[in-house]
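The structure appears below as structure tokens.
Just so you know, ligand 1 is whichever comes first in the structure, and atom 1 is the first atom listed for that ligand.
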Amino acid sequence: MSLEIYKETILEHYRNPTNAGVVKNPDVISKDYNPSCGDVVEIQIKFDNDKIKKIKFQGQGCAISQSSTDILIDGMKGKKTDDVKNISSEDFIKKLNIELSPLRLKCALLGLKTLKTAVYSYIGK
Ligand code: FES
């Protein structure tokens, strides 16, 4: 896939996020922000034992932070807490397949950071 198509994918997820919303009676809510700009991502999850049953996010911010969170969540339904723990930042950035400056790297990883915090918080309960 060309870089242009990937850019278009990012914009499409930003304009029409498929995973935006709230989960009814979530087991965990995690909210984080990028201190350099104040952009926010909140992730809500309902678990079925150690599996993600329902997951949604809300947020405000740049196209990269919001669309990368939407893309991340796309693959999360049915995943186990261990699967989430094992996602590396490097692998996720590779999956996004867009060129990112160091500042933009923080945008792209905001959702993953928030998701991991949510899972660790659930495990710790
Ligand atoms: Fe704020 Fe991207 S500019 S998260």
- Measure K106 to ligand 1 on non-hydrogen atoms and call it side chain, backbone, both or neither using the 4.0 Å cut-off. neither
- Query: Is it true that some N/O/S atom of C107, main chain or side chain, lies under 2.8 Å from atom 1 (Fe) of ligand 1?
  - Reply: no
Below 4.0 angstrom from a heavy atom of [X], which ligand 1 atoms are there? Numbered from 1 as shown, please.
X: C37; value: 1 (Fe), 3 (S), 4 (S)
X: C62; value: 2 (Fe), 3 (S), 4 (S)
X: S65; value: 4 (S)
X: N34; value: 4 (S)
X: D39; value: 1 (Fe), 2 (Fe), 3 (S), 4 (S)
X: R104; value: 2 (Fe), 3 (S)

- Query: Does NZ belonging to K77 count more than 12 external heavy atoms closer than 6.0 Å?
  - Reply: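 Enclosed: over 12 neighbouring heavy atoms sit under 6.0 Å from NZ of K77.
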- Evaluate whether atom CG of L103 has more than 12 neighbouring non-hydrogen atoms of other residues, nucleotides or ligands under 6.0 angstrom away. no
- Decide, yes or no, whether a salt bridge links D82 with K85 under the criterion of side-chain N to carboxylate O below 4.0 Å.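 Counted as a salt bridge, because a side-chain N and a carboxylate O are separated by less than 4.0 Å.
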- Message: Regarding E99 and K7, does a basic nitrogen lie under 4.0 Å from an acidic carboxylate oxygen?
- Response: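 The answer is no: the pair does not qualify as a salt bridge.
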- Item | Reported CD1-to-CD1 distance for the pair I93 and I98, which is rounded to 0.5 angstrom |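 With rounding to 0.5 Å, CD1 (I93) is 7.5 Å from CD1 (I98).
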- Task: Please tell me if the side chains of Y14 and D70 come closer than 4.5 Å, counting only heavy atoms from C-beta onward.
- Result: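 The answer is no, as the side chains (C-beta and beyond) never meet within the 4.5 Å cut-off.
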